[in-house]
There are 2 protein chains.
Amino acid sequence: MDDGDGTRSRKVTLKDVAQLAGVSVATASKALNGRANVHPDTRRRVVETAERLAFTPNTLAQNLLSGQSGTVGLVTNDLEGRFSIPILMGAEDAFGAGKTSIFLCDAREDPIRESYHLQALLGRRVDGLIIVGSRTDPRPPVPDVPVPVVYVYAPSENPADLSFVPDNVGAGRQAAEHLITLGRRRIAHIAGDPTYAAARDRVQGVDEAMAAAGLELVDGHAAHGTWSESWGRAATRTVLDRSPDVDAIVCGSDQIARGVLDTLRDLGRDVPRDVSVVSFDNWEILATGARPQLTSVDMSFERLGRRAAQAIFDAMDGKTASGVHTEPCRLVVRGSSLEGA
Amino acid sequence: MDDGDGTRSRKVTLKDVAQLAGVSVATASKALNGRANVHPDTRRRVVETAERLAFTPNTLAQNLLSGQSGTVGLVTNDLEGRFSIPILMGAEDAFGAGKTSIFLCDAREDPIRESYHLQALLGRRVDGLIIVGSRTDPRPPVPDVPVPVVYVYAPSENPADLSFVPDNVGAGRQAAEHLITLGRRRIAHIAGDPTYAAARDRVQGVDEAMAAAGLELVDGHAAHGTWSESWGRAATRTVLDRSPDVDAIVCGSDQIARGVLDTLRDLGRDVPRDVSVVSFDNWEILATGARPQLTSVDMSFERLGRRAAQAIFDAMDGKTASGVHTEPCRLVVRGSSLEGA
DNA sequence: TTGTAAGCGTTATCAA
DNA sequence: TTGATAACGCTTACAA
């Protein structure tokens, strides 16, 4: 960071390279950018000089010319980054690491903070915005901005906006179908917080699959509660109390499932032999730490991130899209629902 | 995004504002930036025009002049974002939301990907770099870069670099002292993966506290294993087998603690009455879902993020620092170690 | 093949 | 009080 005499070294510019290589800035630019009509010797000299000086072109200056910043803003609202990081990774993959850089801002569910971040991002001339919510319920759209906006996980209330959300109905269907395929017939559903669309959608999916198979949930319907282990524990007692012959439980989330597993164990039921358990989220830390490990439906966050990135690319090319797009989820089978166990 | 005739509207520049307000660009700039020597009427007119056009100054252009980009790169290596998001939040707080924006890149423990991101960040002229590792073991420094670099969680191998890490030794001490204060005397330690500095440091801290109190761990020393619930379960059986009268267990992580709690329950021990349990990480989802809820030592990631941000500010002001700085952790008491229970 | 000059959007200096 | 001008680092006609 120092240039030897104690002062921070001024950053190397193209001018420095050109001077040292004994050419004009224009020629240096062409040489480094692989333009035609540059003498091979000249090009070599410039390239070598640039390397020697560790020249890094100032992307800001390039962007000022091109009008594109090669950056995207990702505004998140989920405290733990459980959604955002996988979405970020998916977006990075789609953009190509290094090609486009991502500003990650945490709005912490605070509209004021969000608009503050938005302002900063627009000032930095991001080429697009990805808005990530903490729940799949529709959210108010961000105020009109001059760049493409994509909503992920939480869709925009405005159908003219473009949103990508996981297919929770399909996830519910997959979970139930899996259990039915295993031969389970007396299935209970301990669902999540009914104020969340995700909870209701999963319930709907489960109900659909049951109906399609000509089955009915024990108790007739899902039991809604909260997204917590303690709810899973409490509900399991109720279920076993009322329907001792239950042979499978769909859990609204991995957290709920952890509570369910604990109580099944407390009450002497073997999983998966006596009762198979399936849940949603595939939150690695919870799913693989459980005993047995949890079969769970993954929300495919990375895929959502990739789709969002792709959509921003498309929009930059003028190919705009709109509506709430639903992306498939993925069942991950583990010990809590093993066949033949 | 459209200006009515189907073409994307060109972004509003200061020139547009100036023209419409009937002043020069220079005057418009002064008016908007609160410079002195601008006629109040002129200023009002300019400000109004800017608002009407939804003018957002191009930060890139401003940066080109000032040489400062008002951005910082945060390169992370922890897959789940468990460290990065809190660190990001701490950094955002210290920088002031909106003032400085943060590029978040995930290197995924891949040096090639990391250098790729580094290149992109330097091209964007970030004012500083925060490098986040996934473990507290020293890591190779990034190649020489012309901006301040701060390492968080994983310190740099080079002592001339600046690193902030949690005080795992102190954390171990706090955990053990807490148990000792509660009157526990027959304490076991089920530790984490011994290849991790974090595991060894926590062990050291526990050992120090025990020695200071004139006590010894049951079994004489910590049992090292892996960072998993299954290790916690297995180790607990061994501990109870060899030392049935154990009255407290320090667990190397919340994951381990979850396994420990499960097995204590299986073996009929009441927590916290018979056995108190304390662990490390304070990973909310694990700690609060447990029964009883886990007493755990928080690694203070947000604080680390704030310190890193502050250090970058300082370095930009020429106040450079170096060495591995250790930040205190914070004991969070919950049901697994309640006094008098 | 190379260099000169204009321009991207903004701010600072200085003259009017 | 206002405005013309230069500058930031780079790219790209266009001229040499």
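Chain naming here is simple, since letters A, B, ... match the order of the sequence lines and numbering starts at 1 in each.
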Pair A/Asp78, A/Thr76: side-chain N/O donor-acceptor within cut-off below 3.5 Å:
yes
For the helix from C/dT1-D/dA16 to C/dA16-D/dT1, figure out the bend between the end axes, five pairs an end, and round to 10 degrees.
50°
Taking only Lys NZ, Arg NE, NH1 and NH2, and the carboxylate oxygens of Asp or Glu, determine whether A/Glu327 and A/Arg306 approach each other closer than 4.0 Å.
no
By nearest-nucleotide position on DNA chain D, the 5'-leaning member of B/Asn37 and A/Thr13 is B/Asn37
Under the 3.5 angstrom rule, does the side chain of B/Asn77 hit a backbone N or O of B/Glu109 as a donor-acceptor pair?
yes
Using whole Å, report how far CZ of B/Arg125 lies from C1' of C/dT10.
18 Å
Residue-level proximity of residues 59-72 of chain B to DNA chain C when a heavy atom falls under 4.0 Å
B/Ala61, B/Gln62, B/Leu65
In terms of side-chain heavy atoms, does A/Gln62 have a donor or acceptor partner in A/Asn58 at a distance below 3.5 Å?
no
Kindly point out which of D/dT2, D/dT12, C/dT4 is positioned nearest to the side chain of B/His39?
D/dT2
Gap between atom CG of B/Leu121 and atom OG of A/Ser101 - 0.5 Å precision:
5.5 Å
Contacts under 3.5 Å, N or O only, protein and nucleotides 14-16 of chain C:
none

Where do B/Thr59 and A/Arg125 land on the side-chain hydrogen bond (donor to acceptor under 3.5 Å, both in side chains) test, with the steps shown first?
CA-CA 7 Å; B/Thr59 312; A/Arg125 292 298 185 266; over 6 Å; no
Assess whether a salt bridge exists between A/Arg135 and A/Asp137, defined as any Lys/Arg side-chain N lying under 4.0 Å from an Asp/Glu carboxylate O.
yes
Do any of residues 40-58 of chain B sit with a heavy atom less than 4.0 Å from DNA chain D, and if so which?
B/Thr42
Taking side chain to side chain contact (heavy atoms under 4.5 Å, CB included) as the criterion, tell me which of B/Leu104, B/Leu118, B/Val142 meets it with B/Val75.
B/Leu118
Can you list everything that forms a ring-ring contact (aromatic ring centres under 6.0 Å, His included) with B/Phe103? Sequence neighbours excluded, please.
A/Phe103
Are the charged groups of B/Asp93 and A/Arg108 less than 4.0 angstrom apart, N to O?
yes
Using 4.0 Å as the upper bound for N to carboxylate O, is an ion pair formed by B/Glu92 and B/Lys99?
no
Whole-Å distance between D/dT12 C1' and A/Asn33 CG?
11 Å
For the side chain of B/Thr27, counting heavy atoms from C-beta on, which of C/dG3, D/dT2, C/dT11 is nearest?
D/dT2
DNA chain C: B/Arg35 or A/Ala26, which has the more 5' nearest nucleotide?
A/Ala26
Of A/Val12 and B/Ser24, the one whose closest nucleotide on DNA chain D sits nearer the 5' end is B/Ser24
Can you name the side chain to side chain contact (heavy atoms under 4.5 Å, CB included) partners of B/Ala309, sequence neighbours left out?
B/Ala91, B/Ala94, B/Phe95
In whole angstrom, what separates A/Gln19's CD from D/dC10's P?
12 Å
Ignoring hydrogens and angles, tell me if any N or O in the side chain of B/Ser163 forms a donor-acceptor pair with the backbone of B/Ser156 under 3.5 Å.
yes
